[in-house]
Amino acid sequence: MTSFTITIDDSLVPGIIATASLEGISPEKVVGAYATSMATKVCQDLKVGPYYVGPTPPQFNPDGTPYDPNWVDPSADLEDNGTVKSND
């Protein structure tokens with residue numbers, strides 16, 4: 001899991017604290033839930049990450065990098081010469 005350090009405007013902190021109080025969780029968990037929700041929506045909107053459905057229209061690769069028609073999944077099983085193994 002990736003972690004980030006963020007800065008939130010002091011004027012917004014009461015809303016986070018109130019939400020945490022209403023939900024019975026820590027303010028850190030509220031911020032984490034907000035960040036996860038936002039990241040999920042962005043992935044859905046831009047069709048990256050787990051929502052990648054192919055470059056139609058080409059914008060981004062599954063990992064979120066700008067579209068490259070020569071992109072190869074870094075987790076793909078490669079031959080010794082760097083080409084992707086075929087399933088034949």
Side-chain angles (χ1 to χ4, degrees):
M1 182 174 292
T2 302
S3 64
F4 294 92
T5 301
I6 63 170
T7 303
I8 299 172
D9 187 281
D10 290 343
S11 67
L12 302 176
V13 173
I16 294 168
I17 293 170
T19 301
S21 176
L22 288 171
E23 295 182 10
I25 59 177
S26 70
E28 292 82 4
K29 287 191 178 189
V30 170
V31 172
Y34 287 167
T36 299
S37 176
M38 183 204 60
T40 299
K41 178 157 179 19
V42 170
C43 283
Q44 290 170 338
D45 291 349
L46 298 178
K47 296 177 178 41
V48 296
Y51 302 97
Y52 181 74
V53 294
T56 52
Q59 284 188 305
F60 300 99
N61 294 317
D63 63 358
T65 56
Y67 177 69
D68 175 1
N70 299 315
W71 183 84
V72 176
D73 185 346
S75 64
D77 198 8
L78 300 178
E79 298 278 356
D80 289 337
N81 64 4
T83 60
V84 177
K85 288 183 180 177
S86 67
N87 292 331
D88 298 333

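Quick note: numbers below take in every heavy atom, side chains included, and nothing from hydrogens, waters or symmetry partners. Residues take their numbers from the sequence shown, with the count starting at 1.
Here CD1 of I16 is found 9.5 Å from CD of E28. Values are rounded to the nearest 0.5 Å. A distance of 11.5 Å separates CD1 of I6 from OH of Y34, quoted to the nearest 0.5 Å.
Cluster membership for V30 and L22, using ILVMFWY side-chain heavy atoms within less than 4.5 angstrom, is not shared. When hydrophobic clusters are built by joining Ile, Leu, Val, Met, Phe, Trp and Tyr residues whose side-chain heavy atoms come closer than 4.5 Å, directly or via intermediates, L12 is grouped together with F4. Criterion: ILVMFWY side-chain heavy atoms under 4.5 Å apart, direct or through other members. Under it, I25 and I8 are part of a common hydrophobic cluster.
No more than 12 heavy atoms of other residues, nucleotides or ligands sit less than 6.0 Å from atom CG of D10.
T40 places a side-chain heavy atom less than 4.5 Å from the side chain of Y51.
Taking both residues in full, the closest heavy atoms of A20 and P27 are given as CB-N, 3.7 Å, listed atom of the first, atom of the second, then distance.
For T36 (side chain) and G32 (main-chain N/O), a donor-acceptor pair under 3.5 Å exists by modelled atom type.
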